[in-house]
**Q** 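First, the structure itself, so that you have it in front of you.
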Amino acid sequence: MKTLKDAKIGETVKIIKLYGEGALKRRIMDMGITKGIQVKIRKVAPFGDPIELTVRGYELSLRKADAENIEIE
């Protein structure tokens, strides 16, 4: 299983599944990350956390701990 944490800079990936429960999953979905959408990896911070994504036309920073809960294709 490949997660968003494993994606490389410049890569565009498709979201397959969201893991986690309750508030965590709801928060990720509220940010616009839902099953089936395309996400582009824009940048990674110098120490690797957080990662910056382009989601639905806007920029989003996401912690790697949260990115581990997002399965990609």
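Keep in mind that the numbers below use all heavy atoms, side chains included, and drop hydrogens, waters and symmetry copies. Numbering starts at 1 and runs along the sequence shown.
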**Q** Drop me the distance from T12's OG1 to I72's CD1, to the nearest 0.5 angstrom.
**A** 10.5 Å
**Q** Is K35 close to L18 at the side-chain level, that is, under 4.5 Å between some pair of heavy atoms?
**A** no
**Q** Please report the shortest heavy-atom distance between R27 and D66, naming the atom on each side.
**A** NH2-OD2, 3.0 Å
**Q** To the nearest 0.5 Å, what is the distance between CD1 on I51 and CG on L4?
**A** 4.5 Å
**Q** How would you list, by chain and number, every residue that makes a side chain to side chain donor-acceptor pair (under 3.5 Å) with N69, sequence neighbours excluded?
**A** none
**Q** Who pairs with T34 by side chain to side chain donor-acceptor pair (under 3.5 Å), at least two apart in sequence or on another chain?
**A** R56
**Q** I need the minimum non-hydrogen distance between I41 and A7, along with the two atoms involved.
**A** CG1-CB, 3.6 Å
**Q** Would V39 and L24 show up in the same hydrophobic cluster when neighbours are defined by side-chain heavy atoms closer than 4.5 Å?
**A** yes
**Q** Roughly how far, to the nearest 0.5 Å, is the NZ atom of K25 from the CG atom of D30?
**A** 12.5 Å
**Q** Can you find a pair of side-chain heavy atoms, one from L62 and one from V55, that are under 4.5 Å apart?
**A** no
**Q** Are there over 12 heavy-atom neighbours, none belonging to K64, within less than 6.0 Å of that residue's NZ?
**A** yes
**Q** Residues two or more places apart in sequence or in another chain: which of them pass side chain to side chain contact (heavy atoms under 4.5 Å, CB included) with K17?
**A** Y19, E71
**Q** Tell me the closest heavy-atom pair linking T54 and E59, and the distance in Å.
**A** OG1-OE1, 3.2 Å
**Q** Sequence neighbours excluded, which residues qualify as side chain to side chain contact (heavy atoms under 4.5 Å, CB included) partners of E68?
**A** K5
**Q** Which of these passes side chain to side chain contact (heavy atoms under 4.5 Å, CB included) with I70: L53, T3, I15?
**A** I15
**Q** Heavy atoms, side chains only, cut-off 4.5 Å: are V44 and E52 in contact?
**A** no
**Q** For K2, which residues count as a side chain to side chain donor-acceptor pair (under 3.5 Å) partner, sequence neighbours excluded?
**A** E11
**Q** Can you get from I16 to I33 by hopping between Ile, Leu, Val, Met, Phe, Trp and Tyr side chains that sit under 4.5 Å apart?
**A** no
**Q** Under the side chain to side chain donor-acceptor pair (under 3.5 Å) test, which residues partner D49, sequence neighbours left out?
**A** none
